[in-house]
Student: 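Provided herewith is a single structure, encoded as structure tokens, for subsequent inquiry.
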Amino acid sequence: MVYDIKVKIINGERFMKYNPSAFESKWQKRWEENDVFKREVDNSKEKYYCLEMLPYPSGNIHMGHVRNYSIGDVVSRFKFMQGLNVIHPMGWDAFGLPAENAAKQNNRHPADWTYSNIANMKEQLKKLGFSYDWSREVATCDPEYYKWEQKIFIELWKKGLAYKKKSLVNWCPECETVLANEQVEDGHCWRCSSIVEMKELEQWFLKITEYADELLEYTYKLKGWPEKVLTMQRNWIGKSIGAEIIFKFTESDKTVTVFTTRPDTLYGATFMLLAPEHPMVKDLIKGTEYEHDGLKFITDIVKQDKADRTDNKQKKGFFTGRYVINPVNNTKLPVYIANYVLMDYGTGAVMAVPAHDTRDFEFAKEYNLPIKIVIQPEGEELNPDTMTEAYTGAGKLVNSCELNGLDYDEAKKKVIENLAKDNAAKASVNFRLRDWGISRQRYWGAPIPFVYCEKCGMQPVKEEDLPVALPKNVNFNCQGNPLDTVEDFVNTTCPVCGGKAKRETDTMDTFMESSWYFLRYCSPKCDTNMFDKKEVDYWMPVNQYIGGIEHAVMHLLYARFFVKVLRDMGYLSFDEPFTNLLTQGMVCKETWKCENDGWLLPNEVKDGKCSKCGSIAVKGRVEKMSKSKKNVVDPGILNDQYGADTIRLFSVFAAPPENEIEWSENGVEGCYRFINRVFRLVVSNIDILKVYNNIPEFEGETSKTIIRATHAAIKKVTNDIARFQLNTAVSAIMEMVNTLYLAAEKLENDNDKAAFSFSLNTLITILAPFTPHVAEELHELAGKTSFIAESKWPEYDEKYTISDEIVIVVQINGKVRANFTFPRDAEENTVLDTVLKDSKVLSYLEEKELVKKIFIKNKLVSLVVK
Ligand code: ANZ
Ligand code: ZN
């Protein structure tokens, strides 16, 4: 044995000790040197694309990453051993604000900061032995990457899917700069604390709304996605089917159009609401006694956060002095401006039906407006004077003239039909989804490839001039977007006329990069286009995508949108990027707190007291690991302590992948001990493993037990990995190991030893996706020269998985009282004979009358006594 063997004496024999630090790096190196995970297109093989969400290079791998990638690695290795051509890439979502902040604070260039973090994290990933094809690595801040993103952007623009529009941004008047949402803290600038204002600026948008219908439709076709995520996407897209209804004003010939999902309730409308931003409102109050206070009301509300306005419990309104006429019954409805009506939804005007809309009900109560019931639920009589909340459910129409008696669904159609004759209404669909604003006033992002020429106006950069690369020499300690200050960058020439032009200095939202990186992985070096279509056609779509639930909406929706757009441009021939999605649960750990010092590190808690101030340390909740809560564990330290296999095993064994895992030292220790146990079992029987290579016969008790346990384990592990039940797959292997320990004592003949050898080999093989290093090591110790990572996944034979003994449960009056082992298919007579003579069973029957005996073959005896 070439490497440094630690020897331990057990019962007078010499055994090698499990020592991961001695061999994990060896196997990592060998995999790399032999290109074990490097994969090419192979049309003779079925492909499998396993993808984990690419990390942001923050500097260090955390336990959340480890869990995510361990799950993906088990699946990738397993599918490969099953004979599929598996692509398993990794890369870096490398643009973003933290790099720019590091530049400001530590005077380090964002590129420098980012690339050194990447190097560090890559090292950490390699030490965990993940089976990535590193030849496909992509860093999204690389000009060779964003060059193609700029091309995509220009093509989007050519298709009318990218456009500029004035929109409100957060503006700090002190710093004279646009702030991202995350730079606004409680309404104040994160840097200078002055109050943030809203300001209209030209911003770039992508027309994702054009794909709203298709994005929604396909949520019903993505069978491999968690229902929870699909629901979140559906809500985000928020399709509402309803109508637009036109109302006339009383004293003018002006009209206002509302959007409603409940045209059936039109007779119940008792007032009208307009958004403060509605283009009509200022005119409505102009020159009237309402003007002064009205304008003040509008300015106050417009400043507020939209989410607050709509979540806000308090409904605020302002009467405009105007009235509109309800087209169905000519009643006059007062017109109010209301805080909870938003201009960017529907038409910015609402017909208020307080009896049947929760928010309108609160508004009516606040301003003493009439409530009129028009929908009566079955079996209940609504009364406007006594109701305490709106009734929003189904029912039949009342107080609605020609509609009375109709079901509310029918009435919806009827109202539109009737009003449509006078052009006063039409069916209408609304989406909550808004176009995607992608402009960022920052340095560390992909430049938007446009220039502004004095003569020719806005022009895209020519494709042969891409990439528009970020300039290197930039002063980061300036206000606003550092790119604005780089003269060499800003001043350029027009691609059309060659005259003076200025560059766009906005950069793209980093969600742009993650919307197509999985396509680039297919041909990461392609220098003729964003990707090679042949490669993409072979590898895509991703068979299994794995990542956090925090990306359920934006990232996953944007990526779906990109794929549909690129498909319509002719670059792709499929509709959806990710066939199956798994959202793994969080990694959590207990927290500690002290009333003086806040969150405490575990080593700051001594004997239940805070080591800083001596007051009582309170054990807090189990929470997601985070630096701020001081409950993180460092995978690097764990790796030094236990080795990569232990951390990986713990990450998949502690809970089913979708659930949270609670980190526990004991759990990690348990995994470490288990690997030790496997190591000892194999090493102490290494001679048998090496010598007995023949296929065992299925005969003799010991052989049979071993063979059965082995096939049962293969079956369970195979099926469980396929269903992502990784934790139970590991349990099955643990059970198998227990059986083998017992069997090891009973090996009598050559056939037993052949069975044992077959079983140990199988054990090493099925462990390989979980604990790949120790599996390779044991495989080598067994004298093999191949890689276990490249071995064939074993198959099971159903007939061996069935035991010929079964356990029959005895219930007495419904309670389980005893268990008996019988040969499979034992007859009723035989079973009852034994059961009814058993002293334990008899003790329950003493002085009682046996009134009923039920027998279920291979399962159960149920006795009823009185
Ligand atoms: C009358 C009505 C009666 C309504 C009723 C609801 C219940 P969803 O389902 O989210 O699409 N609405 C329309 N535009 C609005 C805006 N810009 N700001 C705030 N609210 C607005 O909601 C559609 C409903 O929200 C519409 O249907 C409208 O109120 C309100 F018993 O019209 B409804
Ligand atoms: Zn020009």
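Keep in mind that this is a model prediction, so the values were computed, not measured. Order of listing sets the numbers, starting from 1, for every ligand and every atom in it.
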Student: Residues in salt bridge (Lys or Arg N to Asp or Glu O under 4.0 Å) with Asp360, at least two apart?
Tutor: none

Student: Among Asn481, Asp509, Thr507, find the one that has a side-chain hydrogen bond (donor to acceptor under 3.5 Å, both in side chains) with Arg440.
Tutor: Asp509

Student: Using 30° and 60° as the class limits, which term best fits the ring planes of Tyr517 and Tyr545: parallel, tilted or perpendicular?
Tutor: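 The arrangement is tilted - the two ring planes meet at 30° to 60°.
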
Student: Is a side-chain donor or acceptor of Thr209 paired with a backbone partner of Asp435 at a separation under 3.5 angstrom?
Tutor: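 No, because the side chain of Thr209 does not come within donor-acceptor range (under 3.5 Å) of the backbone of Asp435.
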
Student: Under 3.5 Å, which donor-acceptor pairs do the side chains of residues 327-335 form with other protein atoms, sequence neighbours left out?
Tutor:
unit_1: Asn329; atom_1: OD1; unit_2: Thr331; atom_2: N; d: 3.3
unit_1: Asn329; atom_1: OD1; unit_2: Thr331; atom_2: OG1; d: 2.9

Student: Heavy atoms under 4.0 Å from ligand 1: which residues qualify?
Tutor: Ser240, Phe259, Thr260, Thr261, Arg262, Thr265, Tyr340, Val341, Leu342, Tyr345, Gly348, Val350, Met351, Val353, His356, Asp357, Arg359

Student: Per the side chain to side chain donor-acceptor pair (under 3.5 Å) rule, what does the pair list look like for residues 564-588, sequence neighbours excluded?
Tutor: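 For residues 564-588: Glu155-Tyr571, Tyr211-Asp568, Glu214-Lys564, Glu214-Arg567, Tyr218-Asp575, Lys533-Ser573, Asp537-Ser573, Arg560-Glu576, Lys564-Glu576, Arg567-Asp575.
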
